[in-house]
Amino acid sequence: MSKVHLIASGKGGTGKTMFAVNYGASLAKRGYSVVILDMDMGMRNLDLYCGLENNVVYDVYDVLTGVCRIKQALIKDRRFESLYLMAASPNRDDGSLTPLHMKVLCDKLRGMYDYIIIDAPSGIDDGLIMAAAGADDCILVTTPEYSSLRDADSLDRELLKLGISKRYLVLNKVIAEMMTAGYAPRLKDITAMLRPSLVGVIQMDENIHISTNLGVPIVLKDDTYIQKNFDNIVDRIESL
């Protein structure tokens with residue numbers, strides 16, 4: 001049975017899109033068919049992170065408004081057997097779309113893919129409500145900063161209002177030495193502040209920045225600790 005994962009964050013700069021790309025790529029490496037949707041209208045980045053920006057002709061807005069068919073907007077990442085993406089529109093939604101449009105799209109994609117990964121816009125606004133329509137659960141990506149954690153908590157409360165009961169937490173850009181020294185919230189403090197289950201911790205690593213700048217999912221390289229870490233995150237989420 002297909003699953004729709006919403007990837008969200010309370011504020012920008014948490015590494016949400018990086019996580020969406022590498023989570024989807026990790027699933028595709030296991031032989032699943034995966035599509036990643038960029039729902040951050042007006043702030044298109046997913047295609048850049050995959051190195052496929054030159055392949056975009058139609059986008060998710062064109063699909064939702066009926067300008068093109070689903071297959072016309074799908075871009076295949078040829079480094080994987082079955083990984084596709086659908087880019088966001090470079091322009092913000094003018095208010096013509098409703099959550100029902102998104103739910104219908106998700107229902108159609110369920111018949112085509114094992115996993116649908118939705119990269120939501122940061123924060124809490126109408127864009128989140130649109131992106132969340134049709135989602136089975138949400139993976140919240142945050143960083144170990146009090147402002148980021150507060151925003152993640154506000155986002156989590158909004159997700160509950162939207163009827164998303166399954167929520168998971170991924171902590172990104174972690175510097176263990178800062179936590180140990182007391183310069184950043186510790187894991188036990190973070191898990192006490194936030195209700196979603198902690199399913200993964202991703203260390204601050206310049207290789208992640210390099211991979212996103214090059215448009216190459218970092219999990220593409222096997223037998224690295226980062227690749228194994230993403231595999232563990234996938235295992236934890238799929239087991240819950």
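- In this structure, Asp40 CG and Asp38 CG are separated by 6.0 Å, a value rounded to the nearest 0.5 Å.
- Pairs engaging residues 213-237 under the ring pair (Phe, Tyr, Trp, His ring centres under 6.0 Å) rule: Phe19-Phe230 [sequence neighbours left out].
- Annotation for Pro99 and Ala133: closest pair O-CB, 3.2 Å, computed over non-hydrogen atoms.
- Of all heavy-atom pairs between Ala8 and Cys138, the closest is CB-SG, 3.8 Å.
- Scanning for ring pair (Phe, Tyr, Trp, His ring centres under 6.0 Å) contacts around Tyr113 gives Tyr84, with sequence neighbours left out.
- Residues Arg44 and Val56 are in side-chain contact: their nearest non-hydrogen atoms beyond the backbone lie under 4.5 Å apart.
- Side chain to side chain, Asp137 and His5 meet the donor-acceptor criterion of an N or O pair below 3.5 Å.
- Taking the side chain as every heavy atom from C-beta outward, Val104 and Asp107 never approach each other to under 4.5 Å.
- Using a 4.5 Å heavy-atom cutoff, the side chains of Asp77 and Leu52 are in contact.
- Between Leu149 and Pro185 the shortest heavy-atom distance is CD1-CG, 3.9 Å.
- Using a distance-only test at 3.5 Å, with no hydrogens or angles considered, a donor-acceptor pair links the side chain of Lys29 to the main chain of Val219.
- Using a 4.5 Å heavy-atom threshold, the side chains of Ser89 and Asp62 count as separate.
- The backbone N or O of Thr98 sits less than 3.5 Å from a side-chain atom of His101, completing a donor-acceptor pair.
- The shortest side-chain heavy-atom distance between Leu74 and Leu85 does not fall under the 4.5 Å cut-off.
- A 4.5 Å side-chain heavy-atom check between Ile190 and Met179 finds at least one atom pair inside the cut-off.
- Lys16 places a side-chain N or O within 3.5 Å of a backbone atom of Ala120 that can act as its donor or acceptor partner.
- Not one N or O on the side chain of Ser122 forms a donor-acceptor pair closer than 3.5 Å with the backbone of Ser9.
- Within a 6.0 Å radius of CE in Met43, other residues, nucleotides and ligands contribute 12 heavy atoms or fewer.
- The environment of Arg69 atom CZ is sparse: at most 12 non-hydrogen atoms of other residues, nucleotides or ligands sit within 6.0 angstrom.
- With rounding to the nearest 0.5 Å, the separation of CG in Asp156 from CE in Met193 is 12.0 Å.
- Put simply, CD1 on Ile70 and CE on Met112 are 5.5 Å apart, with the number rounded to the nearest 0.5 Å.
- Screening residues 172-185 for side chain to side chain donor-acceptor pair (under 3.5 Å), with sequence neighbours left out, gives no hits.
- In this structure, Arg150 places its CZ atom where only 12 or fewer heavy-atom neighbours from other residues, nucleotides or ligands lie under 6.0 Å away.
- Open room surrounds CD on Gln203; 12 or fewer heavy atoms of other groups in view lie less than 6.0 Å from it.
- Residues satisfying the ring pair (Phe, Tyr, Trp, His ring centres under 6.0 Å) criterion with Tyr58, sequence neighbours excluded, are absent altogether.
- Residue Ser211 comes nearest to Ile218 through the heavy atom pair OG-CB, 3.6 Å, listed as atom of the first residue, atom of the second, then distance.
- Taken from CG in Leu46 to CD1 in Ile118, the straight-line distance is 12.0 Å, to the nearest 0.5 Å.
- Remark: Lys108 NZ is loosely packed, at most 12 non-hydrogen atoms of other residues, nucleotides or ligands lying under 6.0 Å away.
- Applying the side chain to side chain contact (heavy atoms under 4.5 Å, CB included) criterion to Ser148, with sequence neighbours excluded, gives Lys11, Thr14, Thr142, Thr143, Glu145.
- We find that Arg30 and Asp235 are joined by a salt bridge, their nearest charged nitrogen and carboxylate oxygen being less than 4.0 Å apart.
- Open room surrounds NZ on Lys103; 12 or fewer heavy atoms of other groups in view lie less than 6.0 Å from it.
- Between Gln72 and Val63, the closest side-chain pair of non-hydrogen atoms is not below 4.5 Å.
- Of the possible donor and acceptor atoms, none in the side chain of Asp114 sits under 3.5 Å from a partner among the backbone N and O of Val34.
- By the 6.0 Å contact criterion, CG on Asp126 is open, its count of non-hydrogen atoms from other residues, nucleotides or ligands being 12 or less.
- Asn45 and Thr17 are not linked by any side-chain donor-acceptor pair at a separation below 3.5 angstrom, with hydrogens and angles left out of the test.
- Defined by atom type and a distance below 3.5 Å, a donor-acceptor pair is missing between the side-chain atoms of Asp223 and Gln227.
- Considering all non-hydrogen atoms of both residues, Ile164 and Arg167 come closest at O-CD, 3.0 Å.
- Separating the CD1 atom in Ile208 from the CD1 atom in Ile202 is a distance of 6.0 Å, to the nearest 0.5 Å.
- Atom CZ in Arg186 sits 13.0 Å away from atom OG1 in Thr191 (nearest 0.5 Å).
- You'll find the side chain of Asp119 stays beyond 4.5 Å of the side chain of Leu37, heavy atoms only.
- Counting only residues at least two apart or on different chains, the ring pair (Phe, Tyr, Trp, His ring centres under 6.0 Å) pairs with a member in residues 29-56 are Tyr32-Tyr115.
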